[in-house]
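What you see below is based on every heavy atom in this structure, not just the backbone, and it leaves out hydrogens, waters and symmetry mates. Here is how names work: the chains are called A, B, and so on, in the same order as the sequence lines, proteins then strands, and each is numbered from 1.
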Protein chains: 2
Amino acid sequence: MKITIKDVAKAAGVSPSTVSRALHDNPRISEEMRKQIKKIAQEMQFHPNQMARSLVSRRSRIIGVVFPGEVGESMNHSFYPSVLQGLGHVAGARRYHMLLGTGAEGDSIAEAVHQLSDSGYAEGLIVLAAEAVPAAHTAGLPVVTLGHPANAENGYYVDNDNVAAGQAATRYLLERGHKRVALLGYDPQFMVTADRRKGYQQALEQAGLPCREADVVPIRYLENTTDEGKLRSLFERPDRPTGVVCMDDAQAIALCHMLVDMGLSVPGDVSLISFNDTPAGRLNNPPLTSINVDPYQLGQKAMELIIRLVKHPETPPTGLTIPFAIMERDSVRTL
Amino acid sequence: MKITIKDVAKAAGVSPSTVSRALHDNPRISEEMRKQIKKIAQEMQFHPNQMARSLVSRRSRIIGVVFPGEVGESMNHSFYPSVLQGLGHVAGARRYHMLLGTGAEGDSIAEAVHQLSDSGYAEGLIVLAAEAVPAAHTAGLPVVTLGHPANAENGYYVDNDNVAAGQAATRYLLERGHKRVALLGYDPQFMVTADRRKGYQQALEQAGLPCREADVVPIRYLENTTDEGKLRSLFERPDRPTGVVCMDDAQAIALCHMLVDMGLSVPGDVSLISFNDTPAGRLNNPPLTSINVDPYQLGQKAMELIIRLVKHPETPPTGLTIPFAIMERDSVRTL
DNA sequence: CGGAGATGTGCAAACGTTTGTGCTTTTGAT
DNA sequence: ATCAAAAGCACAAACGTTTGCACATCTCCG
């Protein structure tokens, strides 16, 4: 039998309302009464029933979190786990909880969003993919997006400056004497890669170099064995790219294997710079020079923003940008 | 303004109780009335308030999930993301939700557990580490452990048969002619590695081979640069191990690099078999022969078990064991 | 000494559901 | 036609809190 506020009230010889106020540090309760009550509550191991509390206060201290696509899959990127850690730490510190948006197997992200918002538990939503924002907005809850939503002006989001990062990565190679650099892993479906591509092009233009269509290679060239030939042929030509910026460490690693297989050396013949600075990238031979996008901080900021938002719904639309850093390792050679 | 059951009742010209029963398919409501009410509720976009519902029904459809140590860190293992996926899929299918146990930065796992159970939201707990079980039990909630808890007899858990897996891995090498095989990554702190070691020894004994203390190398030999020397020296001796079973793909990859660095080839000079069958292991050169422990299924079973448990608390203690599979690839040579 | 203002506490309503009980109407058997 | 049982529904209490309001006591000033 759970003990209630009434039990505490009885034990303390006061009314439930007094107990409630004392526990909330309401100034209308005298100092000593408050201490007294708190002590008794402690001894009785009283834990207020959240359901009842939330029912009347209309606050749950719960933030819904929805992951893109198949949760586990995206998690493997090692990007989301860090985000999750960031989210968790500030949630924990502010005594908030995270409710995971899950769907049954094969459910779309929109379904996960609905399951979450229909549940009625969450006060706000954090959506880890700009793609799901439309679904999220119909929920009638405050939403913070991780990543640049389509109409950024009237939304809340935290993101890396992906175009700046794409530009920086490209420039990093150009500054080291590379005249032809390719871009690997472009996928128009995802804003992230689209933005990085934009930065890539800007860097090229600023250096007065042409941006050849053939040099930006779509993600499927890596995943799809029938298309792999096209990728290989790119590096078989005498005027092959001497540098590649890859959208992710995993892609860089795969490319690395392919190049070695072709008899080319990294960074001897071709230099690689990639994104996400993963453990796997650090373990690669050679260790990858990679752009650290600080997913942990991304998570922290997102949680801070959503908490501010549920407390003050009138907060004006806010977009936060997290700085990135180039982790210099051994996959780039200066020509 | 949220719409309530009363609004629906008014619109349908019946009492709230009738609406409630109709929505719950209570047989005391006539077929046509039920349809009628459901249609109206649909049109009005009525979503019952979970707080109120949970308050009286004393069910929240929320399962607390707590991860070991620093969430993000453990996630990188790529093991937990898959577990999470499994958990999520069955939770979603049964219309349950997962509440994440988070603590502030630096909080222990026990604190995370308490934060979760004190919240009063969760009906049951899934603990992804046998280590946290004691803390979890004081919570007064049903608990399912992922991994073998210390006193397995009176607990609920799902786990791999780690000793069998350790035995199988070792035997796999022995059957291929290896006479001296080492065990890498032993850490007495963790039951998993302890169990696998047990299996390793059994396999050795059954083959009539000695189990040398020097051949089971602790995890820190890999992580700690000062101890790495000891690891190297093991492979510098003429009677070096020709096979190694590693506790995790990541360790195998690191070892692989070290061996190559020493001028030894994998699997030419030394064969490697490891656990967890990760993407990184598949990408390694050579692709790792690894034991797949099916974390996805682990997650599924755990969620199924906890849901059964919260519905029928009198369920007798249950221990589930998930089968494993050896994924044969190219890191083992037959002598 | 009377009353105004503080100060501390209790009462009861409200939050939005679920559910036991009892009331009315219909049905079918006699 | 009469009555019992069944069917369909409404009433109201309950779940455990929070909070506006009223009430009681105490202090202090004129």
Legend entry - Side-chain ion pair, D25(A) and K38(A), N-O less than 4.0 Å: yes
Inset, instruction - Could you point out which residue of R58(B), R59(B), R61(B) forms a side chain to side chain donor-acceptor pair (under 3.5 Å) with E123(B)? - result: R59(B)
Inset, instruction - Remember a base hit wins even if backbone is also touched, and classify M51(B) as base, sugar-phosphate or nothing at under 4.0 Å, heavy atoms. - result: nothing
Inset, instruction - May I ask you to say what R58(A) touches in the nucleic acid, namely base, sugar-phosphate or nothing, with a heavy-atom cut-off under 4.0 Å? - result: sugar-phosphate
Legend entry - Contact check, side chains of R21(A) and R34(A), non-hydrogen atoms, under 4.5 Å: no
Legend entry - Touch class at under 4.0 angstrom, heavy-atom based, for S20(A) against every strand present: base
Legend entry - Per S15(B) side chain, nearest of listed nucleotides dT18(D), dC9(D), dA10(D): dA10(D)
Legend entry - First of T18(A) and R53(B) reached from the 5' end of DNA chain C, by closest nucleotide: T18(A)
Legend entry - Integer-rounded Å distance: dA14(D) P and N49(A) CG: 17 Å
Inset, instruction - Provide, to the nearest angstrom, the distance between the NE2 atom belonging to H24(B) and the P atom belonging to dT17(C). - result: 10 Å
Inset, instruction - Name the closest nucleotide to the L55(A) side chain, picking from dG16(C), dG8(C), dT17(C). - result: dG16(C)
Legend entry - Interatomic distance where CD1 belongs to I37(A) and C1' belongs to dG8(C) [whole Å]: 11 Å
Inset, instruction - For K2(B) and dG16(C), give me the distance from atom NZ to atom C1', rounded to whole Å. - result: 13 Å
Legend entry - Spacing of R34(A) atom CZ relative to dG8(C) atom P, expressed in whole Å: 9 Å
Inset, instruction - Report which part of the nucleic acid T4(A) touches: base, sugar-phosphate, or nothing (heavy-atom distance under 4.0 Å, all strands). - result: sugar-phosphate
Inset, instruction - Compare all side-chain heavy atoms of S119(A) with those of L99(A) and state whether any distance is below 4.5 angstrom. - result: yes
Legend entry - Whole angstrom value for the distance that separates P of dT19(D) from CG of D25(A): 14 Å
Legend entry - Touch class at under 4.0 angstrom, heavy-atom based, for S17(B) against every strand present: base
Legend entry - Interatomic distance, I29(B) CD1 vs dA6(D) P [rounded to whole Å]: 18 Å
Inset, instruction - Record whether the side chain of R28(B) comes under 3.5 Å of the base of dT21(C) through a donor-acceptor pair of N or O atoms. - result: yes
Legend entry - Of the listed nucleotides dT17(D), dG8(D), dT17(C), the one nearest the side chain of S30(B): dG8(D)
Inset, instruction - Classify the side chain of R21(A) versus the base of dG10(C) as yes if they form a donor-acceptor pair under 3.5 Å and no if they do not. - result: yes
Inset, instruction - Return the 5'-most residue of the pair G13(B), H47(A) with respect to DNA chain D, ranking by each residue's nearest nucleotide. - result: G13(B)
Legend entry - R53(A) backbone acceptor or donor facing S57(A) side chain under 3.5 Å: yes
Inset, instruction - Write down the distance between CZ (R59(B)) and C1' (dG16(D)), rounded to a whole number of angstrom. - result: 18 Å
